[in-house]
2 protein chains.
Amino acid sequence: MATLKDVAVLAGVSVKTVSNVVNGYEFVKPENRRRVEDALNATGYRPNLGARNLRRGRTGFIALVVPELSIPYFGELAGGIIAAAAEHDWSVLIEQTQGDRARERKVITDLGPHMVDGAIVSPQAVVPDDIATPGVPVVLLGEHPLPLPLDHVGIDNVTAARTAVHHLIDLGRTRIAVIGQHPTRGTATQRLAGYRQAIAEAGLTEIVAPALRYHHSDGALAMTELLDRPERPDAVFCFNDMLALGAVRVAHDRGLRVPDDIAIAGFDNTEHSAYSVPSLTTIAPDKAALARAAVDLVHRRAIDKEDFPPQDVSIPFALEVRESTTP
Amino acid sequence: MATLKDVAVLAGVSVKTVSNVVNGYEFVKPENRRRVEDALNATGYRPNLGARNLRRGRTGFIALVVPELSIPYFGELAGGIIAAAAEHDWSVLIEQTQGDRARERKVITDLGPHMVDGAIVSPQAVVPDDIATPGVPVVLLGEHPLPLPLDHVGIDNVTAARTAVHHLIDLGRTRIAVIGQHPTRGTATQRLAGYRQAIAEAGLTEIVAPALRYHHSDGALAMTELLDRPERPDAVFCFNDMLALGAVRVAHDRGLRVPDDIAIAGFDNTEHSAYSVPSLTTIAPDKAALARAAVDLVHRRAIDKEDFPPQDVSIPFALEVRESTTP
DNA sequence: AAACGTCTTTACATCGTTGGCACAACGTTG
DNA sequence: CAACGTTGTGCCAACGATGTAAAGACGTTT
């Protein structure tokens with residue numbers, strides 16, 4: 001692979017002149033510029049990014065830390081982040097934590113300032129101590145362990161959950177259950193709070209089912225348990241779409257009609273939710289805006305070296321009403 | 001951020017000795033080792049990977065190039081690759097091409113040998129010329145532009161498609177359509193070939209519908225068009241699960257029962273297919289094996305510097321029979 | 001023609017790390 | 001006690017790029 005030196009020898013100029021051409025420096029004699037460009041083409045020169053970044057003090061990478069890429073929400077999110085990062089000439093390095101606190105912590109620590117210019121983290125179980133001094137700008141997504149002086153981008157989970165549950169209440173449902181309670185996930189806590197507010201406001205009683213991970217099978221399990229209770233719920237709000245679709249599936253297997261016998265709503269508006277049978281009512285965060293906001297924040301801190309107090313950016317969301325709650 | 005030099009000063013030894021400790025060199029006086037380790041802890045030293053890799057000639061990254069991470073199949077695949085790469089101390093850099101040939105080409109060219117140690121590419125539209133001399137080991141997934149001397153890992157798409165279609169034939173269906181024909185996607189070509197073989201073997205007539213991208217909406221569109229034809233199909237084989245679920249949705253909207261009126265099968269066995277209503281019969285490639293095989297091949301070439309003729313690794317698959325084809 | 005200012009190019013140091021090698025320290029051996 | 005092998009350590013160069021600053025080229029002004 002050709003280096004600057006090779007090109008310089010071929011063009012008969014110094015290494016620095018080649019570097020100047022490559023970097024678009026203005027004052028290069030046209031004659032030399034041409035010869036250098038010819039040599040660049042002839043050798044097929046590509047800058048060694050490692051060396052360049054070593055010198056420049058930036059790496060050209062940002063890290064995206066998510067629990068699991070196989071969860072469609074995170075796949076869609078990652079896609080948006082990669083696209084937004086590309087506009088800043090950043091490549092995205094993705095790490096998976098499986099929602100495990102130890103791994104979240106390790107990844108964040110190892111990120112050191114040498115590997116990436118910044119990081120976007122979708123935390124599930126980290127506690128403030130874990131992210132104490134990351135060394136590079138870190139933006140948190142979705143959840144925000146409160147006492148932490150880090151930027152945060154997300155939707156208002158409490159309000160979103162309340163909105164969804166109010167929608168179910170407006171349908172006239174009275175036994176409204178929730179699926180997704182979780183001991184450590186921050187978003188779960190917030191969504192549960194929103195659910196509780198709405199239920200309290202309507203004077204109903206809470207029906208809470210936990211979920212360990214947030215896959216279909218967890219939703220199915222929780223739904224089975226709910227339907228086995230003496231007082232069957234007539235509506236269920238799930239903390240993500242996969243839980244909801246797992247629940248729909250179980251309702252269907254039990255011979256219950258959705259939404260007539262039981263209305264079901266999800267969260268995230270993943271692509272499947274619009275095409276499932278029945279299609280799924282869900283909270284739709286503006287994922288593109290989320291990705292852009294997160295990348296921009298990292299960029300301002302990491303590259304523009306701006307210094308400003310920790311931001312808390314709230315991204316708009318919408319309630320997408322579909323068949324699973326429309327009798 | 002602490003460097004080797006800082007640690008060396010603190011420990012009162014030379015930079016090289018610290019380097020030796022960090023790299024587990026055997027012959028270091030216990031006394032010095034202890035002091036260095038203390039200094040390492042005190043400073044919270046992290047190696048500068050850029051510098052290390054510049055020196056060592058490897059980067060610690062591999063690239064994964066996929067069309068879109070928001071497609072669940074690629075999300076699941078990426079998850080597997082990241083996990084497999086982690087076992088070789090590799091981080092994974094993901095680039096999206098949107099299935100666009102120019103971008104596939106650009107990404108592969110820019111990968112240069114400086115940014116990544118190797119690449120795993122899931123091509124959609126590249127032609128052999130584009131990947132002529134990648135400079136780093138490249139493993140192709142799924143599709144293999146034939147005259148190319150590159151490693152390839154994938155399932156036997158022709159046989160898989162034939163298997164799926166035979167399954168539909170065994171159900172007694174006679175008007176079996178296919179959704180997903182595409183002018184440039186290699187896997188589409190192969191799956192279509194498998195479909196054609198099966199149809200020919202059974203003496204039936206081909207019913208072919210194209211798809212531009214492979215999202216739900218494309219499946220829905222194609223299905224609508226198929227159902228508008230005078231002779232309605234009684235079975236449809238789709239080139240991925242999203243197409244199939246889009247098709248299921250349209251069938252449902254038309255008041256057709258799946259599978260009684262029309263059987264539908266997909267491809268990829270993404271997590272949703274097991275929980276949709278009806279659950280989806282699909283071809284299930286062993287994704288974990290696929291990821292492992294691809295990463296191992298890159299590793300053998302990039303790190304072990306093995307030299308061997310281009311491999312063509314065939315990964316097993318299974319036909320997952322579910323409700324959408326079980327009356 | 002000397003002095004000056006503007007362009008243009010180059011030599012050199014540097015980023016943080018590791019390989020190669022020389023040398024120092026040490027205990028063994030003849 | 002000289003020669004030796006084994007350990008342990010440090011110096012230097014190098015990876016490929018870029019910032020600095022100084023030197024060279026050239027035309028213009030006095």
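Chain identifiers are assigned alphabetically (A, B, ...) following the order of the sequence lines, protein sequences preceding nucleic acid strands; residue numbering begins at 1 within each chain.
Per the geometry, CG belonging to B/N48 stands 14 Å off C1' belonging to D/dG16, to the nearest Å. Nucleotide C/dT18 holds its P atom 5 Å from the CZ atom of B/R56, rounded to whole Å. Between the CG atom of A/L4 and the P atom of C/dA11 there is a distance of 14 Å, given to the nearest Å. Look at CG on B/L40: it is 11 Å from P on C/dT17, rounded to the nearest Å. Note: CG (B/N53) to C1' (C/dT17) measures 10 Å, nearest angstrom. Per the geometry, CD belonging to B/E31 stands 20 Å off P belonging to D/dT7, to the nearest Å. In this structure, A/R35 atom CZ and C/dT8 atom C1' are separated by 14 Å, rounded to whole Å. Rounded to a whole Å, the CD atom of B/E26 is 10 Å from the C1' atom of D/dT7.
Listed by chain and residue number, nothing satisfies the salt bridge (charged side-chain N to carboxylate O under 4.0 Å, His left out) test with B/E37 (two or more places apart in sequence, or in another chain). The side chain to side chain contact (heavy atoms under 4.5 Å, CB included) search around B/H152 returns B/L140, B/H144, B/D312, not counting sequence neighbours.
Ring pair A/F61/B/F61 is tilted by interplanar angle, where 30° to 60° counts as tilted. By the 30° and 60° cut-offs, the orientation of the rings of A/H88 relative to A/H299 is parallel.
For the atom pair A/K16 NZ and A/Y25 OH, the distance stands at 8.0 Å (nearest 0.5 Å). Between the CD atom in A/E76 and the CG atom in A/L290 there is a gap of 12.0 Å [rounded to 0.5 Å].
Under a 4.0 Å N-O distance rule, the pair A/R300/A/D296 does not qualify as a salt bridge.
Of the two residues near DNA chain D, A/K29 and B/P30, the one whose nearest nucleotide lies more 5' is B/P30.
For D/dA14, the base has a donor-acceptor partner in the side chain of B/R55 [N/O atoms by modelled type, under 3.5 angstrom].
Contact check, A/R52 against D/dG16: no side-chain N or O comes under 4.0 Å of OP1 or OP2.
Using a 4.0 Å heavy-atom criterion, one finds that A/Y25 contacts the bases of the nucleic acid, with or without backbone contacts as well.
Within residues 12-24 of chain A, the residues having any heavy atom under 4.0 Å from DNA chain D are, by residue number, A/V15, A/K16, A/S19, A/N23.
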